[in-house]
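Remarks on the structure that follows.
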Amino acid sequence: MNVDILVYDGFDELDGIGPYEVFDYALGYAAEEDDGTTGDDGAIGDDGTTGDDGTTGDDGASGDDGGRVRYVSLDERETVTASHGTRVGVDGTLPGPGGEDAPDLLVVPGGGWNARNQEASAWAEAQKGDVPRALAAYHAADTRIASVCTGSMLLAEAGVTDGRRAVTHASAVEELRESGAEVVDARVVDDGDVLSAGGVTSGIDLALYVVEREFGESVADRAATVIEYERRYEVATRDGSRRGEN
């Protein structure tokens, strides 16, 4: 599975970096499981051994066989500056949908929407229009798109969430509803080719949910364990069911 995370000046750090780390670990673990290199307890290390805590050896970076995760921007540049000042290296530009290097999953972080920062924010990108146009093109090409926090508002600007089940940060929920989306009160919403997560840390739950769907529960649990994250299974699925409810 190839994952691109679309970054821009003013995106919220955790919206993008949280999912990136989950996918990076998971892709490496999935590649190792495909190789069949497990330890005595079933956990897998980079050299076929396990650490004392049962997690992978080294840094768990994704392998060549498991796919890739990368940061991309619309224009060619070396870095973007996130909302809290972190400079994030960009791995490449977003390819056209359907291209040889196009992602299987495109992740869209939010950031600065409610502040209406006209220079660097999701709001600024919505006003420029380039990001919404790119998202609309990817949606038309049937690529799965996942938004985190107010990244959902960029999907709304693109018309992707019109009539679709979605969620965003609590502070933008009414605006998302007014845009034509069917707002669902859940941490993660799976509406088939459109997935969305609520505020900030919900992006980690979204990434773990995608990992479990793609590679199985064991890989998702290992990724959650290595980042010491307690999973929250609050997912509203397309058939109306809700995972995590008793």
Side-chain angles (χ1 to χ4, degrees), residues 1-27 30 62 66-74 80 82-83 86 88-97 99 101-113 121-122 125-126 130-139 141-158 160-161 164 166-169 176 187-215 220 223 227 229 235:
M1 180 177 69
N2 292 328
V3 180
D4 281 355
I5 300 176
L6 181 59
V7 294
Y8 49 86
D9 287 328
F11 85 94
D12 186 273
E13 282 90 338
L14 193 53
D15 285 7
I17 294 171
Y20 183 102
E21 188 162 348
V22 169
F23 286 125
D24 191 54
Y25 274 117
L27 290 168
S62 56
R68 64 125 205 276
V69 57
R70 63 181 186 172
Y71 296 119
V72 298
S73 58
L74 287 188
V80 297
S83 62
T86 305
V88 177
V90 178
D91 300 309
T93 57
L94 179 68
D101 204 27
D104 303 305
L105 175 68
L106 178 59
V107 179
V108 186
W113 181 268
S121 65
E125 295 303 325
D130 293 335
V131 167
R133 281 190 288 272
L135 297 177
Y138 262 85
H139 181 59
D142 296 325
T143 302
R144 279 190 304 170
I145 303 177
S147 62
V148 180
C149 196
T150 54
S152 297
M153 300 310 303
L154 286 169
L155 296 190
E157 287 290 323
V160 172
T161 56
R164 302 294 297 270
V167 69
T168 187
H169 189 278
L176 180 63
R187 193 164 175 83
V188 176
V189 177
D190 177 358
D191 199 44
D193 60 344
V194 178
L195 298 95
S196 54
V200 193
T201 58
S202 298
I204 296 175
D205 292 293
L206 184 151
L208 288 167
Y209 171 71
V210 171
V211 165
E212 182 172 331
R213 291 285 302 272
E214 291 291 325
F215 303 116
I227 65 173
Y229 184 77
V235 181

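The two residues Ala146 and Leu105 have their closest heavy-atom pair at CB-CD1, 4.0 Å. Residue Thr143 comes nearest to Pro103 through the heavy atom pair CG2-O, 3.6 Å, listed as atom of the first residue, atom of the second, then distance. Contact detail for Gly203 and Pro19: the closest heavy-atom pair is O-CG, 3.6 Å. Gly16 and Pro109 make their closest contact through N-CB, 4.1 Å (heavy atoms, listed as atom of the first residue, atom of the second, distance). For Ala102 against Arg68, the heavy-atom pair with the smallest separation is C-NH2, 4.1 Å. Annotation for Ala156 and Leu176: closest pair CB-CD1, 4.1 Å, computed over non-hydrogen atoms.
Counting heavy atoms from C-beta on, the side chains of Asp15 and Val107 never come closer than 4.5 Å. Residues Arg70 and Asp101 meet the side-chain proximity criterion, which asks for heavy atoms closer than 4.5 Å. Counting only heavy atoms from C-beta outward, the side chains of Tyr20 and Val3 never approach each other to under 4.5 Å.
Judged purely by atom type and a 3.5 angstrom limit, Ser121 has no side-chain atom pairing as donor or acceptor with the backbone of Gly10. Using a distance-only test at 3.5 Å, with no hydrogens or angles considered, a donor-acceptor pair links the side chain of Thr168 to the main chain of Cys149.
The CG atom of Leu106 sits 10.5 Å away from the OG atom of Ser147 when rounded to the nearest 0.5 Å. Rounding to the nearest 0.5 angstrom, the gap separating the OG1 atom in Thr161 from the CE atom in Met153 is 7.5 Å. Going from atom CG of Asp190 over to atom CG of Leu195 covers 4.5 Å, rounded to the nearest 0.5 Å. Here the CG atom belonging to Asp4 is positioned 9.5 Å from the OG1 atom belonging to Thr93, to the nearest 0.5 angstrom. Here the CD1-CG distance, from Ile145 to Asp191, works out to 12.5 Å after rounding to the nearest 0.5 Å. Rounding to the nearest 0.5 Å places CG of Leu155 at 10.5 Å from OG1 of Thr150.
Evaluation of the salt bridge (charged side-chain N to carboxylate O under 4.0 Å, His left out) rule for Arg144 yields Glu214 as partners, not counting sequence neighbours. Partners of Asp9 by side chain to side chain contact (heavy atoms under 4.5 Å, CB included), not counting sequence neighbours, listed by chain and number: Arg77, Val80, Thr81, Ala120. Every residue meeting the side chain to side chain contact (heavy atoms under 4.5 Å, CB included) condition with Leu14, not counting sequence neighbours, appears here in chain and number order: Asp12, Val200, Thr201. For Glu21, there are no salt bridge (charged side-chain N to carboxylate O under 4.0 Å, His left out) partners at least two apart in sequence or on another chain. The side chain to side chain contact (heavy atoms under 4.5 Å, CB included) test applied to Glu13 returns Ile17, Ala82, Ser83, His84, Thr86, not counting sequence neighbours.
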Please list every donor-acceptor pair under 3.5 Å in which a side-chain atom of residues 131-139 meets a protein atom from a residue at least two apart or in another chain.
{"residue": "Arg133", "atom": "NH2", "partner": "Asp130", "partner atom": "OD1", "Å": "2.6"}
{"residue": "Tyr138", "atom": "OH", "partner": "Pro95", "partner atom": "O", "Å": "2.5"}

Can Met1 and Val210 be said to form a side-chain contact (heavy atoms from CB on, under 4.5 Å), step by step?
CA-CA 10 Å; Met1 180 177 69; Val210 171; 4.1 Å; yes
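Using cut-offs of 30° and 60° on the angle between ring planes, the pair Tyr71 and Phe11 is tilted.
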